[in-house]
Number of protein chains: 2
Amino acid sequence: MTQGEAPPRTPRSRPTMREVAALAGVAIKTVSRVFNGVPTVDPAIVARVREAADKLGYRPNLTASSLRRGDGRTATIGMLVEDAANPFSAALTRTVENVARERGSLVLVGSLDEDPARERELAQALIDRRVDGLVIVPAGRDHSYLISEQRSGTCMVFVDREPSLLDADAVVSDNRQGAITAVDHLLKAGHRRIAYLGDRATISTAAQRFDGYRHALEVAHIAYDDELVHHTGASEEAAIDATRHVLALPDPPTALFTSQNLVTIGAVRALRALGRQHSVAHVGFDDFPLADILSPGISVIAQNIEQVGKTAAEMLFRRLDGDESAATTITVPTRLIERGSGEIRAGGHHD
Amino acid sequence: MTQGEAPPRTPRSRPTMREVAALAGVAIKTVSRVFNGVPTVDPAIVARVREAADKLGYRPNLTASSLRRGDGRTATIGMLVEDAANPFSAALTRTVENVARERGSLVLVGSLDEDPARERELAQALIDRRVDGLVIVPAGRDHSYLISEQRSGTCMVFVDREPSLLDADAVVSDNRQGAITAVDHLLKAGHRRIAYLGDRATISTAAQRFDGYRHALEVAHIAYDDELVHHTGASEEAAIDATRHVLALPDPPTALFTSQNLVTIGAVRALRALGRQHSVAHVGFDDFPLADILSPGISVIAQNIEQVGKTAAEMLFRRLDGDESAATTITVPTRLIERGSGEIRAGGHHD
DNA sequence: CGACGCTGAGACAACGTTGACTGGGCGAGA
DNA sequence: TCTCGCCCAGTCAACGTTGTCTCAGCGTCG
């Protein structure tokens with residue numbers, strides 16, 4: 001099998017309006033009118049054009065169309081998330097996609113892996129493709145590079161974390177209040193030594209949750225103890241180590257507050273490995289699948305991801321529709337889900 | 001606040017090469033050369049152009065570029081999955097994105113929700129945006145509508161399920177062999193009555209897994225019993241019902257083979273609700289997070305999603321690079337992960 | 001019967017960019 | 001000194017589409 005044999009290996013490239021027009025015996029502009037649903041075309045000609053288009057397998061070229069069109073819209077929005085594979089990002093992507101679909105738009109996704117350089121690169125790549133707008137879960141702490149894009153008319157909404165050095169819309173969860181709720185819940189169960197295990201404090205959401213933790217302790221007149229606090233980064237292994245470490249202290253915590261998904265799961269693993277899952281109370285930030293099926297079930301502060309994503313996408317499209325009002329940050333409340341682990345009382349077992 | 005106040009609300013539209021050229025005092029083509037890294041430009045002019053571009057916040061318009069360019073490539077590929085939010089699709093998307101990124105491409109995603117009409121619509125939407133290629137986890141059973149697109153030069157690779165009525169590349173997991181392995185494993189543990197709970201049999205992967213189940217039983221000379229088989233669809237609730245139902249039979253199964261993720265989780269829930277999780281053996285198809293942390297841990301047939309996604313993306317890019325060889329289907333092996341639930345012996349408890 | 005308005009279709013240019021070609025300046029070799 | 005060729009930047013047209021304008025045909029009304 002060398003190369004010669006394929007006989008009807010057709011033109012190799014996509015048919016254009018010109019070819020459809022030629023086949024239908026009309027002007028190219030008429031084909032354009034047909035595909036844009038302009039009503040002032042003779043039905044007989046519409047039929048002829050459609051037939052010719054079908055025969056050729058013609059599909060309009062939206063990139064050419066958007067280039068020529070007045071508004072230059074591409075009916076495509078960009079979405080930058082931490083990692084398309086993680087459940088939080090995936091759920092967010094899906095809700096944004098749903099809103100976009102209603103508006104006839106598609107979504108270009110990119111994963112940042114918490115790398116600010118990647119954020120810049122991918123944001124540029126999206127802008128170079130002239131997406132109509134951007135939904136960003138930012139990795140970096142300096143978004144001034146987007147100022148000129150914003151001025152050039154690219155709409156953008158930040159999600160989960162607010163923009164820095166840039167004035168733009170944002171939709172975030174109430175991280176601080178969520179953390180306060182979690183810690184209050186543990187305090188109510190009688191705990192006085194509550195450990196904090198969380199992501200790196202440079203990540204703004206982690207910082208807010210940590211702030212909530214400190215605030216709740218302060219209100220309860222409990223002295224802050226550095227030994228009970230570990231900013232581990234988002235990794236199960238590190239969380240396992242940190243959990244083991246705090247539980248091995250001379251005066252160990254009776255309760256854990258873990259402020260991020262993977263940290264929560266690491267803590268769950270460590271507690272089970274130590275056989276302490278029924279004696280150490282535990283509330284995690286972020287819900288996760290099967291949290292209810294473990295024993296004890298893991299109590300969590302759940303974010304309303306659907307509402308966050310939906311709100312963000314709707315904000316973006318409102319901007320695209322011409323809303324010029326001042327940039328806002330919308331805060332979406334979290335809620336506590338009691339499943340057992342957070343209800344273990346100090347100095348005793350859960351029922 | 002009516003409308004008049006914003007003072008330097010600049011041009012509102014993006015600067016073009018023309019404007020950069022004007023500011024730098026060169027021809028538009030020279031700007032083009034600079035941004036394309038053509039070496040035959042005086043370094044002093046390069047610097048002047050770059051400076052002008054920076055001052056204006058110029059970013060090249062890739063859609064215009066790809067329109068004019070010979071190959072018409074958009075450096076964008078399309079990816080259609082079942083649901084961007086589910087872990088399988090999300091993991092797949094991410095591996096494809098990784099390969100695409102190396103090639104300077106971005107990924108447009110769309111969720112099909114098992115709806116063939118949506119598959120068509122979204123495939124068309126992607127093609128209308130002139131993606132360079134398509135990675136599809138198909139929802140429908142008739143892909144002939146893609147024949148003309150394929151002939152027009154759009155490359156496509158099917159993932160997880162093979163194309164029907166279309167000759168195209170595919171990358172799939174070895175569903176049948178995986179199911180055989182699962183059932184064999186249960187047979188080895190002494191089980192003779194093994195229930196099958198799975199997705200609708202119209203879904204090809206489900207059909208293949210069911211086929212593996214039947215084959216393994218046949219080889220073991222175990223009569224097929226219709227009562228032990230439920231094609232529930234991919235829903236936890238339905239799986240819970242089906243599990244309860246088979247376990248309530250006069251001659252109930254001693255082991256379950258669940259052929260899909262949500263079905264597996266439903267079965268897990270049902271077994272726990274009945275307190276039977278330590279007496280009924282269980283192997284699921286598809287791994288899921290925290291399967292190891294349950295007790296017993298859930299034994300599964302794990303797909304190698306990363307390899308599937310990577311292989312598919314690489315195939316696609318090989319086609320884009322001009323590979324014209326005949327369409328192939330690549331089968332990626334699965335592997336059994338023993339965690340406890342699948343090792344429960346017939347008529348007894350696991351160690 | 002002629003001017004007028006309306007309907008429906010084509011001609012032309014332009015969106016932002018790049019491929020193909022042109023042309024001026026300059027150094028080298030005859 | 002003249003010519004040839006090279007280097008570098010510019011001109012022009014085109015990618016596939018649509019906005020704007022034009023124009024032919026036809027029915028209407030004074």
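Here is the naming used below: chain letters follow the sequence lines, and residue numbers restart at 1 for every chain.
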Report task. Let me know the distance between CE of B:Met17 and P of C:dC15, rounded to the nearest Å. Result -> 15 Å
Requested in this report: Establish, with yes or no, whether the OP1 or OP2 oxygen of D:dC7 is under 4.0 angstrom from a side-chain nitrogen or oxygen of B:Thr40.
Outcome: no
Requested in this report: With the side chain counted from C-beta on, respond yes when B:His143 and B:Pro138 share a heavy-atom pair under 4.5 Å apart, and no when they do not.
Outcome: yes
Query - C:dT17 OP1/OP2 closer than 4.0 Å to side-chain N/O of B:Ser32 - result: no
Query raised in the report: Counting side-chain heavy atoms from CB outward, which of D:dT17, C:dG8, C:dT18 is closest to A:Asp42?
Result: C:dG8
Query raised in the report: Has the side chain of A:Arg33 got a donor or acceptor that lies under 3.5 Å from a partner of the other kind on the base of C:dG10?
Result: yes
Report task. Determine: side-chain N/O of B:Asn36 to OP1/OP2 of C:dT18, distance under 4.0 Å, yes or no. Result -> yes
Query raised in the report: Hey, are A:Thr74 and A:Asp132 close enough side-chain-wise for a donor-acceptor pair under 3.5 Å?
Result: yes
**Report entry** Which nucleotide in C:dG10, D:dC15, D:dT17 has an atom nearest any side-chain atom of B:Leu67
**Finding:** D:dC15
Query - Rounded interatomic separation in angstrom, taking CG from A:Asp128 and P from C:dT17 - result: 10 Å
Report task. Looking at every strand, decide which applies to B:Phe35 at a 4.0 Å heavy-atom threshold: base, sugar-phosphate, or nothing. Result -> nothing
Query raised in the report: Looking at D:dT18, C:dT18, C:dA9, which one has an atom nearest to any side-chain atom of B:Ser65?
Result: C:dT18
**Report entry** Between C:dA20 (P) and B:Arg69 (CZ): distance, integer Å
**Finding:** 12 Å
Query raised in the report: Rounded to whole angstroms, how far apart are CZ on B:Arg59 and C1' on C:dT17?
Result: 15 Å
Report summary line: Of A:Ile136, A:Leu80, A:Val172, the one forming a side-chain contact (heavy atoms from CB on, under 4.5 Å) with A:Phe158 is A:Ile136
Report task. Select from A:Leu62 and B:Lys29 the residue whose nearest nucleotide in DNA chain D is closer to the 5' end of that strand. Result -> B:Lys29
Query raised in the report: Honestly, is A:Arg59 close enough over A:Phe35, meaning NZ or CZ under 6.0 Å from the six-membered ring centre and within 45° of the axis?
Result: no
Query raised in the report: When the distance from CD1 of B:Ile28 to C1' of C:dG19 is rounded to whole Å, what number comes out?
Result: 14 Å
**Report entry** Nucleotide D:dG10, atom C1' - distance to CD1 of B:Ile45 in whole Å
**Finding:** 11 Å
Query - Closest nucleotide among C:dT18, D:dT17, D:dG10 to the A:Ala64 side chain - result: D:dT17
Requested in this report: Could you check how far CZ of A:Arg73 sits from P of D:dT18, rounded to whole Å?
Outcome: 17 Å
Requested in this report: Taking only the side-chain nitrogens and oxygens of A:Thr30, find out if one of them lies under 4.0 Å from OP1 or OP2 of C:dA9.
Outcome: no
Query raised in the report: What nucleotide, of C:dA9, D:dA9, D:dT18, holds the atom closest to the side chain of A:Arg68?
Result: D:dT18
Query raised in the report: With respect to the phosphate group of D:dC15, does any side-chain polar atom (N or O) of A:Arg18 fall under 4.0 Å of OP1 or OP2?
Result: yes
Query raised in the report: Without hydrogens or angle criteria, can the side chains of B:Ser111 and A:Glu97 be said to hold a donor-acceptor pair below 3.5 Å?
Result: yes
